[in-house]
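Structure first, commentary second.
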Amino acid sequence: MKNIKTVGILTSGGDAPGLNAAIRALCMVGSQKYGFKFVGVRNGYRGLIDGDCFRMDNFDFSNMISLGGTILGTSRVKPFKNPVPDPKTGLLPIEGIQNTFKKFKLDALVCLGGNGTNTTASLLAQSGFNVIGLPKTIDNDIVGSDETFGFRTAIEVATNGLAGIRTTAKSHSRAMVVEIMGHKVGWLGLYAGVAGNADVILLPEIPYDIKKIAAFLKEKAQKGQNNYIIACSEGAMDIEEAKLGKKEFKKVRAEMQQSIAFRVAKEIEQATGIETRASVLGYIQRGGNPNAYDMVLATKIGSAAADFIAERKFGNLVAVQGGQIAAVPLEQVAGKVKNIPMDDPLLLTARSLGICFGD
Ligand code: F6P
């Protein structure tokens, strides 16, 4: 079996705080403990197809643990989805990837990313490449891993956002619907909603009934409350939408033009008469530097990735289970999404606190 000498690294999908900390740990442990050389791949799978890579031999890792974004750049390119030949080279994506592996003498590849990235990593592993996946995303939706780096930082940012919005909600006696990222899952909405003292939390996992939300807010108003925070996951949907098929749902959303928070704000104002505004927290949730928790988590995962390579644990995700590093086959991760289970402890706690979920 060929010894592992050179390892490629790419970051793909939406960026997340902690990517650079993971890259740093992977390179430091990989070179110091195992003598690996590293090659950085620019802009995710785009760079892997195009051979847009650079040797990281003399890379300066100082200050990288705390640096946000990704020094490698990223893209949402999926080489296995509708593959077409490159107009310039005439090569299929997989042929471009084979050439890059040859040109840079890559013995292994580490892919840092979320669901899409790890699905592609799984397909690369099935195509015979030595691949390892790392769980990065503010959405915390990767099956097989309790945690993903980026998530805790995003909770903090979103929680601070909710706190800021509460003060203006109070001044104006308003309801504020605050849209929180998370793609098709509600982890970020749930955690930030609880930490940010939201009155209502809307999650994709729990389709909402506007009548229930209105009744809840009116009751609070009768008791003297005059400002309300509705933490609304970007993937939240109502009970009617929940019945739709994927295509119909997409159509309804495309027709909406504005994002979900604006619709919920309108619905609340109409149903309650309470003046309501919408606010989208947006990309600040995944921009900026990682918090200390994510710096440490990403460092642990990056370091473990170097061990995985040395132990030839290819075709696996470097997952976290019960606080320990675990190897989870990428094919068990690919194409799946980790939703909030209805018996999630924080969800149950939130219900006990009296937070309304619109159900
Ligand atoms: O996956 C991270 C994430 O920020 C999601 O929360 C969000 O739905 C999506 O990426 C936004 O993607 P884009 O950067 O392509 O707009």
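Just follow the structure's listing: the first ligand is 1, and inside any ligand the first atom is 1. Note that these values count all heavy atoms, side chains included, but never hydrogens, waters or copies made by symmetry.
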Original post:
Got the closest protein heavy atom to atom 16 (O) of ligand 1, with its distance?
Top reply: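 Ranked first by proximity to atom 16 (O) of ligand 1 is Y283 OH, 2.5 Å.
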Original post:
When you measure from atom 1 (O) of ligand 1 to every protein heavy atom, which one gives the shortest distance, and what is it?
Top reply: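 Checked against all protein heavy atoms, atom 1 (O) of ligand 1 sits closest to D139 OD2, 2.7 Å.
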Subject >> NZ/NE/NH1/NH2 to OD/OE distance under 4.0 Å, E267 and R263 >> reply: yes
Original post:
Quick one: do R166 and D199 make a salt bridge, cutoff under 4.0 Å?
Top reply: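 Salt bridge: yes.
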**OP:** Ignoring hydrogens, just give me the one of R286, M181, K184 whose non-hydrogen atom is nearest atom 10 (O) of ligand 1.
**Re:** R286
Original post:
Taking non-hydrogen atoms only, is E234 closer than 4.0 angstrom to ligand 1 via side chain, backbone, both or neither?
Top reply: side chain
Subject >> Distance, nearest 0.5 Å, that separates CE of M181 from CD1 of I284 >> reply: 9.5 Å
Original post:
Which distance, rounded to the nearest 0.5 Å, do you find between the CD of E234 and the CD of E179?
Top reply: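 One finds 6.0 Å between CD of E234 and CD of E179.
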**OP:** Decide side chain to side chain contact (heavy atoms under 4.5 Å, CB included) for I142 and F151; before the verdict, give the C-alpha distance in whole Å, the side-chain angles of both, and the deciding distance to 0.1 Å.
**Re:** CA-CA 11 Å; I142 299 183; F151 176 54; over 6 Å; no
Original post:
Which of the atoms in ligand 1, numbered in the order shown and given with their element, are less than 4.0 Å from a heavy-atom of G182?
Top reply: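 Atoms satisfying the 4.0 Å criterion: 6 (O).
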Original post:
For ligand 1, which atoms sit closer than 4.0 Å to a heavy atom of R76?
Top reply: 9 (C), 10 (O), 11 (C), 12 (O), 13 (P), 14 (O), 15 (O)
